[in-house]
Colleague: 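Here it is, the structure, as structure tokens.
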Amino acid sequence: MSNNENALALPVGTTLDRFIMRQQEDFPYAKGELSQLLRDIALAAKIINREINRAGLIDITGAFGKENIQGEHQQKLDVIANIRFKRALINGGEACGILTEEEEDIIQTGNENGKYVVAIDPLDGSSNIDVNVSIGTIFSIYRRVSPIGTPATTEDFMQGGRRQVAAGYILYGSSTIMAYTTGQGVNAFTYENSLGEFFLSHANIKMPASGKIYSCNDAYFEDFSEPVQNFVRNLRKNDGVARYIGSLVGDFHRNLLKGGIYLYPPTAKSPHGKLRLLYECYPLAFVIEQAGGIAFEGSVKTLDVVPQKPHQRSTIFLGSPEMVENLVKNFFVPEFIDSHPAINSI
Ligand SMILES: O=P(O)(O)OC[C@H]1O[C@](O)(COP(=O)(O)O)[C@@H](O)[C@@H]1O
Ligand SMILES: [Mg+2]
Ligand SMILES: [Mg+2]
């Protein structure tokens, strides 16, 4: 295209679809199933984006009136998002099973020839739904280990964080962004409402090595272990900037772009952490490692945590590498480091 033509008709950019197809070309054996799965997730995200944008105008705000497997009161949008993703994955045909925050058991999609399973947090940041604060979706994809042509099994989901073939999130904020990795870096796409398309807006994201931002719920500060309290105190003393939206996806995305650290240590209320390993911690750990950051559970890297149960919780410290290393190497007591040799791999 000539410069005049580009000046006359500004290029709109690379659509998510086109980017997925180009990435697929890197995998000569690929048949397009993972590409289709990513497109199915993007489609559900577009529909949820439309519903979130007009949530106050249609009766989809407030509590749904039931509790989920986590013992949390479901919001209507939690349930709606769960339905939308299930439907998109069932109709898409590539996922044989789904594990979702909103349901206890694995969902059999009926696509027994599907090669993948998806673990998903359909709506992240539920406490912010009705107050127009950024919320999100988090997803993690594995190639199944159970035989093709049979129902999905728990084993398909319990392969461990390093077996994810793709992971990412959608942020429904001032703009809607889908960011994901397939192990070849992290790219983010911004949704263009009028064209109904996601366009590449952040190519090959690299997280700043350090930063000033720390994100943790200060209300639990007294519960934090002394090393973590000292780490936060030290940040406060050294121009640290406290930012906590209370939506993991929102806090994560900001810190990914600006540098920073998100901490959800053990608390009295959540002694094993609050966040869920399979559909919150693992996927964001995959993304952050691909962007040059570190995700740490407290004694090992998050992606090296061995999964025990589908809905298990985990503590997490994830962010800019220098900040996580500083926490682990300078604030964790030597005895703790000695008794947790994996720390030295940080
Ligand atoms: O209110 P707390 O304890 O700080 O927890 C906030 C965290 O809980 C979450 O809302 C949990 O996710 P869900 O909303 O998907 O349940 C995170 O998004 C957020 O970071
Ligand atoms: Mg969540
Ligand atoms: Mg959720």
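Side-chain atoms are counted along with the backbone in the values below, which use heavy atoms only and exclude waters and symmetry mates. If you read the sequence from its start, that first residue is 1, and numbering goes on from there. Both counts, for ligands and for their atoms, begin at 1 and track the order of listing.
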Colleague: Between the Mg ion (ligand 2) and Asp121, which N, O or S atom of the residue is the nearest one?
Modeller: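 Of the nitrogen, oxygen and sulfur atoms in Asp121, the Mg ion (ligand 2) lies nearest to OD2.
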Colleague: With respect to Ser247, determine whether any N or O atom, backbone or side chain, lies less than 3.5 Å from an N or O atom of ligand 1.
Modeller: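 N/O-N/O distance below 3.5 Å does not exist for this pair.
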Colleague: Check whether any side-chain heavy atom of Leu278 sits under 4.5 Å from a side-chain heavy atom of Ser140, and report yes or no.
Modeller: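 The answer is no; the side chains never approach within 4.5 Å.
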Colleague: Report yes if the side chains of Ile141 and Leu34 come closer than 4.5 Å at any heavy-atom pair, otherwise no.
Modeller: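 They are in contact (side-chain heavy atoms under 4.5 Å apart), so the answer is yes.
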Colleague: Out of all atoms in ligand 1, which are within 4.0 Å of some heavy atom of Asp121? Include the element for each.
Modeller: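 Contacts of ligand 1 toward Asp121, numbered from 1: 15 (O).
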Colleague: Using a plain distance cutoff, I'd like to know if Gly125 has any nitrogen or oxygen under 3.5 Å from a nitrogen or oxygen of ligand 1.
Modeller: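 It does: an N or O of Gly125 is found under 3.5 Å from an N or O of ligand 1.
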Colleague: I need the nearest protein heavy-atom contact for atom 11 (C) of ligand 1: residue, atom name and distance, please.
Modeller: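 Here the closest protein heavy atom is Arg276 NH2, 3.4 Å.
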Colleague: Write the atom name of the N, O or S atom in Glu280 that is nearest the Mg ion (ligand 2).
Modeller: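 The atom in question is OE2.
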Colleague: Please find the N/O/S atom of Glu101 nearest to the Mg ion (ligand 3) and write down its name.
Modeller: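 Distance check against the Mg ion (ligand 3) picks out OE1 in Glu101.
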Colleague: Quick test of your reading of the structure: of Tyr262, Tyr220, Tyr264, whose heavy atom lies closest to atom 20 (O) of ligand 1?
Modeller: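 That would be Tyr262.
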Colleague: CD of Gln164 to CG of Leu303: how many Å apart, nearest 0.5 Å?
Modeller: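 These two atoms lie 6.5 Å from each other.
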Colleague: Give me the residue, atom name and distance of the protein heavy atom closest to atom 19 (C) of ligand 1.
Modeller: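 That would be Gly246 O, 3.3 Å.
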Colleague: Ignoring hydrogens, just give me the one of Asp78, Ile138, Asp124 whose non-hydrogen atom is nearest atom 18 (O) of ligand 1.
Modeller: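 Ranked by closest heavy atom to atom 18 (O) of ligand 1, first place is Asp124.
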Colleague: Does NZ or CZ of Arg276 lie under 6.0 Å from the centre of the six-membered ring of Phe157, at an angle within 45° of the ring axis?
Modeller: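 No, Arg276 and Phe157 do not form such a contact.
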Colleague: Check whether any N, O or S atom of Asp124 sits under 2.8 Å from the Mg ion (ligand 3).
Modeller: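 No N, O or S atom of Asp124 is closer than 2.8 Å to the Mg ion (ligand 3), so no.
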Colleague: Which protein non-hydrogen atom lies closest to atom 5 (O) of ligand 1, naming both residue and atom, and how far is it?
Modeller: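 Result: Lys274 NZ, 3.0 Å.
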Colleague: Can you tell me if, anywhere in Gly125, an N/O/S atom lies at a distance from the Mg ion (ligand 3) that is smaller than 2.8 Å?
Modeller: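 No.
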Colleague: Less than 4.0 Å is my threshold; does some heavy atom of Val249 fall inside it relative to ligand 1?
Modeller: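 So Val249 does not count as touching ligand 1.
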Colleague: If you measure from each heavy atom of Glu280 to ligand 1, is any distance below 4.0 Å?
Modeller: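 The answer is yes: ligand 1 sits under 4.0 Å from a heavy atom of Glu280.
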Colleague: Is it true that Tyr169 and Phe252 have ring centroids separated by less than 6.0 Å?
Modeller: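 They qualify: ring centres under 6.0 Å apart.
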Colleague: Report yes if some heavy atom in the side chain of Asp223 is under 4.5 Å from a heavy atom in the side chain of Phe221; otherwise report no.
Modeller: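 SC-SC contact between Asp223 and Phe221 ruled out.
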Colleague: Can we call the ring centroids of Tyr279 and His311 under 6.0 Å apart?
Modeller: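 Between His311 and Tyr279, which both carry aromatic rings, the centre distance is below 6.0 Å.
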Colleague: Are Phe189 and Phe19 close enough, and set up right, to give a ring-ring contact (aromatic ring centres under 6.0 Å, His included), and what steps lead you there?
Modeller: CA-CA 10 Å; Phe189 303 77; Phe19 184 89; 5.1 Å; yes
Colleague: So which atom in Ala152 and which in Ser146 form the shortest heavy-atom distance, rounded to 0.1 Å?
Modeller: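 Scanning both residues completely, I find the closest heavy atoms to be CA-OG, 4.2 Å.
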Colleague: Taking distance alone, with no angle check, do Tyr244 and ligand 1 share an N/O pair under 3.5 Å?
Modeller: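 Yes: some nitrogen or oxygen of Tyr244 is under 3.5 Å from one in ligand 1.
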